[in-house]
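The block underneath contains the structure these notes are about, expressed in structure tokens.
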Amino acid sequence: MVSGVERTVFDDGETAENSDGVAEFYSAVGKLMKMFRERAGLTQRELADIIGYSEDMLGAVERGKRTPRIEILAKVDDAVGAGGALKLIADDVMKAKIRISERHPAFSKAFTAEESKAIEIHDYSTMVIPGLLQTEAYIRALYDMRRPLLSPDQVDEWVAARMARKEILARWPLPVVTWVIDESVLRRPLGGWDVHREQLEHLLKVGDMRGPELQVMPLDRMNHAGMGGSFALLTPPGRPQIGYVAAQHVNRLITDPVEVRNMAARYSSIRAQALGLRESMALIEQILGER
């Protein structure tokens, strides 16, 4: 049994609930995994420990509620002695994932589901403006510059989906929300100067809101706890805090308590090193004035 393995949930933006016709296929894959596991005399917990993934995630895959990742199929195949049967269907699973990705937003469905209910949201961003702060024009620019190119219908659908997330900032009671944005993000005019100016002006409006806290990590910091990249922390009601990392359109939802605690400590250091709210707003105004 493997001990001390980081517990994570990986999500590429697809679950059986949004799989557009391939839910039955995922369900069949899950049943096949369960059959081989039980034939090997392993419980879900025992298999999860062997392959290094969470029991909840493994159970969701077996029930057809979550997309099976290719590497999980390979690890389960080896662990349960499936003789290559699960590896054999990996190519078909990948084809199904590609079909789904052509229809659904790239951001993680698992993450947005948790975000919509969270009582605390903390976000550190090094590449783009955080999703909840993005203007519609900025969102559209991000999707228009995607490669491979997205169809106009896909862009429209994904823009609408991301805009819907912003309702979080209009509800009451408002969750505890903080953001730290790297200064380089504020200086990168994605979508052109008009789009960028509108985005910066929107950040200034958010800075005036009662409740949310927005900070900027300046470029001149010689000590920087956030060099590992962007991440977010969510606190669901009545449940422990979870972490989230997204890179190259691969999303990782982190539930391991030790790893989440480390992320929270890192975020505290980042906030301490960043400019305060007043200084952050002054820097954004300065960048606006430089054009």
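Just so it is clear, the structure is predicted and the values come from calculations on it, not from any experiment.
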Treating Ile, Leu, Val, Met, Phe, Trp and Tyr as nodes and any side-chain heavy-atom pair under 4.5 angstrom as an edge, say whether L88 and L32 lie in one connected cluster.
no
Around atom CD of E290, are there more than 12 heavy atoms from other residues, nucleotides or ligands closer than 6.0 Å?
yes
Is a donor on one side and an acceptor on the other found under 3.5 Å between the side chain of Q134 and the backbone of I129?
yes
Kindly give the heavy-atom pair with the smallest separation between S230 and V245, and that separation in Å.
O-CG1, 4.0 Å
Please lay out, stage by stage, how S184 and D182 fare under the test side-chain hydrogen bond (donor to acceptor under 3.5 Å, both in side chains).
CA-CA 5 Å; S184 61; D182 197 86; 2.6 Å; yes
Name all residues meeting the side chain to side chain contact (heavy atoms under 4.5 Å, CB included) criterion together with L277; count only those two or more places apart in sequence or in a different chain, and write none if there are none.
M281
Classify the side-chain pair E62/Q44 by whether it contains a donor and acceptor separated by less than 3.5 Å.
yes
Taking atom NZ of K34 as the centre, does the number of heavy atoms from other residues, nucleotides or ligands within less than 6.0 Å exceed 12?
no
Should E120 and H122 be marked as a side-chain hydrogen bond (donor to acceptor under 3.5 Å, both in side chains) after you check the CA-CA gap, both sets of side-chain angles, and the distance that decides it?
CA-CA 7 Å; E120 289 189 30; H122 306 290; 2.9 Å; yes
Spatial distance of atom CE (M263) from atom CD1 (I242) [nearest 0.5 Å]:
10.0 Å
Listed by chain and number, what are the side-chain hydrogen bond (donor to acceptor under 3.5 Å, both in side chains) partners of Y267, not counting sequence neighbours?
T178
Answer with yes or no whether the side chains of D153 and S151 bring together a donor and an acceptor at under 3.5 Å.
no
Is the backbone N or O of Q154 less than 3.5 Å from a side-chain atom of E157, with the two atoms forming a donor-acceptor pair by type?
no
